[in-house]
Structure formats: structure tokens, C-alpha cells
Number of protein chains: 2
Amino acid sequence: MYSENEIILRRTLDKYHVLTDEEFSDFLKVCEYKSFSKKECLLEAGNYNYGIYFVISGTVGLFELIDGKEMYQNFFLPGEFANELKSLTTQSHSTKNLIALDATESYHLDRQQLLNLYEQSASYEKLGRKLLEHLLAGQNELSHVLQSLKPEERYRYLEEYRPKLLNAIPLTYLASYLGLARETLSRIRAKK
Amino acid sequence: MYSENEIILRRTLDKYHVLTDEEFSDFLKVCEYKSFSKKECLLEAGNYNYGIYFVISGTVGLFELIDGKEMYQNFFLPGEFANELKSLTTQSHSTKNLIALDATESYHLDRQQLLNLYEQSASYEKLGRKLLEHLLAGQNELSHVLQSLKPEERYRYLEEYRPKLLNAIPLTYLASYLGLARETLSRIRAKK
DNA sequence: GAAAATCTGTGACGAAAATCACAAAATGAA
DNA sequence: TTCATTTTGTGATTTTCGTCACAGATTTTC
């Protein structure tokens, strides 16, 4: 009936709001399977943003080029929705890049088709709202970590709350995510 | 017909999604006018979170006590929705405080009544979703500022994108918001 | 499997920011 | 107004972290 990947997607959506079979079936129609090889861009700076990606397998990074350096602002693991929200909602060109950090499988959800869904039923609005609530809570927490925690505490925070990132992501990228120099993070990890 | 404050509220909502007169009228029913004197708490750490506040006049700060120090994580000015989202959505006790930094007028929007509205019409869901999109974009930006910008650049960011905060909020509180020592921010402001 | 590219570890060093300390200024309360 | 409290400015000192440099390790590419 449903493929393996479709079941994973549904389980993920269920965490936010349970769709009926019919609603989920319509939802699947806006999903287009796309795979990316390592280092391929899902969204490139300067380009228009056509939607978001549900990560099935692999890893996706969000970064911005600042003084020629790739500053990572977020990471998306399987079961998460990789996005660059600002350009998506304002319909402007993105200043950031979404890049596959490993070979990655995804469903692409087209922006306009998502908007159509929103008009179709309050169920999709609710799903979107709850997903956003979840994303915002996470982003609040990240800001807090950066505002108040010392380098070592930031690392401990990752260990405790986002341990999967430690294995999946090169330390170099994690450093920019945590607002630290690569060497500092390396030394923190070295002791103990 | 509508009071001054109700018109301000409506104009604010319109920025996200336009409600019909009837919808807005129902919306007003969940709004309860509340005023706070300076230093009064809208939400206290340890307490249950009963909703969000639309700021009519004054200033509201969101802070968390860390090692006995008040670390400010956000500020809300007139026309904004003061909130502590995590405890609101998870229905848990708040670890943070919402406090009036000046004499403040607000509408309190009761959590359960908001949930009822969501069930009533997709229009409210859409409003909530769009408001959340806006909040998330702002929070993404703040994280970026904290991840990538040096102290002086953080101050310039405030000057450029949130200049009202510079006047409305004591420098001491802004320092924690920007992840800096109070003295550092004072010196940045001193030169030039 | 060899070469290239990327990523990590580690020392030395310096710059930047945190901390400490205290005085001055501004604000608020009685 | 006066006193108390809060907020801000500024110097001296210490600490932390970023920067630079380079070697070793790991991963990718062909």
C-alpha cells in the first residue's frame, strides 16, 4: 500500500497532527522524491526557494557564506524538514544554501502546492502551525545556548540534546553552528 | 465601534491574515485587558503558562535566571505578542519569566480559548501559522547574529534592525540578550 | 591504490572580551 | 527634596578564546 518512505513520512507527520487517509493521500501528491549526492545543493544562495525537503536519509546542512567562510546555521537529519524559511515565506531569493552533507534522499514539497493544500483543509493549516511551533521552540533553545553558555557548555548541550549531530556532522561545521572556532571545539572534545 | 486598542490589535493581525468582522469579533472575546506596573510579572518561572499577551503599550522582557543572574532572551514592544512558547505548547511549567519592564498595557489571550478558536475556523489556524512563520524568521536571525557576529557587529545589528530596543531597554539587559558582558556593551557604545 | 582534498589535533601567541572594583549618573520612592 | 536603588562608565587585571602554523589522519576521487 504505502512504501517504506511514505510510512516514515506519515509517522513523522503524526507527531504534529494526524491526517486522515484521504488527507495523507493528497499530501503525498505534493511530495516529489529527490535524491542528492554528497555536496549537491538542494537550494543555492541567489536562487528562488521552491519549497522544503523532508529528509528520508542522509544529512542536510544550512549555511551562509560570510567572508568566504561557510557558516552553518542548522542541520537536518532523517525525519526532519530541511528549510530556509525566510526566502520561502517572503518569496525572495535565498541568501543561504541547503547542501547535502552525505548522499541524501528526500521528498521535495513544492511551495505553491503546499499553499494549495492550506486552502483545501484546516487540517493542513493545523499541521503547519504545529510544525512551526516545534521549530520555533528549537530555535529559541539554540538562541539561548548561544546567548548564555560557554564553549564547553555548548558542546555538552549537543551531547545531551542533539547527540546524533556529533556523529553525523564534521566538527568543523559544528564549530560554526555553535559560534566557536574549530580549534576550540577540537580542544574541548580532546579533554575527556 | 471598536476601541483604540482594538483597532491597534486588528491592524497587527491584518499583517498576518485578514479576519472578517465576525471572526475578529469572536477573537476579541478571548482577549482580556490586563495592565501591569513596572517590574510586575506576566508569567513567573515555576508557574503554569495560561496564554500569550498582546502588548498595547509598554515593554515586556523574557528572561531566565541562570546562576542567579537574569539573562534576557527576548523583548516585546507594542504591537508584538509576548510569549513563552515552550511551556505554552507543552503545557508544562515555565522555566522563564515574562516581566513588565515599564508600566504595560496588554490583552491576555487565554490558551484554551485560543485552541477553541483554532477548532472554529481555518482562518485562525492560518493566522497562527503566519504569526509563527514570522516569529521563527526573527529567531533564526537572532541565532545567526549570535553565531557569527562579533560584539560590535551585534550592537550595529540592533542599531539597524531593532533600534527601538536601544531606547526602550536598559543596556544591562541588552547585554545578556546579545550574549555579552555589560561592560563590553557599554564600551562599544562609548566609542562613537 | 595513489594522489588530492578535506578534516582534525596541537602548540605558541596575541587580541579580545570577561571579570573585578569602584565611582558617577540616573531613576524611583518616600 | 532626599535617600535608596538601579543603571552606567571606566580603569586595571586576568582569562579565554581566536588566530596562525603545521603535521597527521581521514576521506574522496579518479
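Letters A, B, ... mirror the listed sequences (proteins, then strands); counts begin at 1. Every value quoted in this text rests on a predicted model; they were computed, and no experiment measured them.
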Quiz prompt | With sequence neighbours excluded, residues passing ring pair (Phe, Tyr, Trp, His ring centres under 6.0 Å) with A:Tyr107 | solution = none

Quiz item: Which nucleotide, C:dC7, D:dT7, D:dT19, lies nearest any side-chain atom of A:Arg187?
Solution: D:dT19

Quiz prompt | Summary of salt bridge (Lys or Arg N to Asp or Glu O under 4.0 Å) pairs that have at least one residue in residues 17-38 of chain B, sequence neighbours excluded | solution = B:Arg10-B:Asp21, B:Asp26-B:Lys29

Quiz item: Can you list the residues that meet the ring pair (Phe, Tyr, Trp, His ring centres under 6.0 Å) rule with A:His134, with sequence neighbours excluded?
Solution: A:Tyr16

Quiz item: What residues, two or more places apart in sequence or in another chain, satisfy ring pair (Phe, Tyr, Trp, His ring centres under 6.0 Å) together with B:Tyr118?
Solution: none

Practice problem: List for me each residue that meets ring pair (Phe, Tyr, Trp, His ring centres under 6.0 Å) alongside A:Tyr33, sequence neighbours excluded, and say none if there are none. | Solution: none

Exercise. Return the residues of residues 65-78 of chain A meeting this criterion: a heavy atom under 4.0 Å from some atom of DNA chain D. Order them by number, or give none.
Key: none

Please list every donor-acceptor pair under 3.5 Å in which a side-chain atom of residues 1-9 of chain A meets a protein atom from a residue at least two apart or in another chain.
| unit_1 | atom_1 | unit_2 | atom_2 | d |
| --- | --- | --- | --- | --- |
| A:Ser3 | OG | A:Asn5 | N | 3.4 |
| A:Ser3 | OG | A:Glu6 | N | 3.2 |
| A:Glu6 | OE1 | A:Ser3 | N | 2.9 |

Quiz item: D:dT10 phosphate, OP1 or OP2: any side-chain N/O from B:Ser186 under 4.0 angstrom?
Solution: no

Quiz item: So, A:Glu125 and A:Arg129, do they make that salt bridge, N to O below 4.0 Å?
Solution: no

Could you write out each protein N or O paired with an N or O of nucleotides 15-17 of chain C at a distance under 3.5 Å?
none

Quiz prompt | Residue-phosphate contact under 4.0 Å: A:Tyr173 side-chain N/O, C:dT6 OP1/OP2 | solution = no

Quiz item: B:Tyr161 vs B:Tyr157 aromatic rings, parallel, tilted or perpendicular, using cut-offs 30° and 60°?
Solution: tilted

Practice problem: Using both distances under 3.5 Å as the test, list the Watson-Crick or G-U wobble partner of D:dC30, or none. | Solution: C:dG1

Protein-nucleotides 21-30 of chain C N/O pairs closer than 3.5 Å?
| unit_1 | atom_1 | unit_2 | atom_2 | d |
| --- | --- | --- | --- | --- |
| C:dG28 | OP1 | B:Lys38 | NZ | 3.0 |

Quiz item: When clusters are formed from ILVMFWY side-chain contacts under 4.5 Å, directly or step by step, what else is grouped with A:Val60?
Solution: A:Phe36, A:Leu42, A:Leu43, A:Tyr53, A:Val55, A:Leu62, A:Phe76, A:Leu98

Practice problem: Would you tell me if any nitrogen or oxygen in the side chain of B:Arg189 comes within less than 4.0 Å of OP1 or OP2 on D:dG9? | Solution: yes

Contacts table for residues 174-186 of chain A: side-chain donor-acceptor under 3.5 angstrom, sequence neighbours left out:
| unit_1 | atom_1 | unit_2 | atom_2 | d |
| --- | --- | --- | --- | --- |
| A:Ser176 | OG | A:Tyr72 | N | 2.9 |
| A:Ser176 | OG | A:Tyr173 | O | 2.9 |
| A:Tyr177 | OH | A:Arg162 | NH1 | 3.3 |

Practice problem: Give the rounded distance in Å between these two atoms: CG of A:Asn167 and P of D:dT27. | Solution: 13 Å

Quiz item: Hydrophobic clusters join Ile, Leu, Val, Met, Phe, Trp and Tyr when side-chain heavy atoms are under 4.5 Å apart, directly or via other members; which others share one with A:Tyr50?
Solution: A:Tyr48

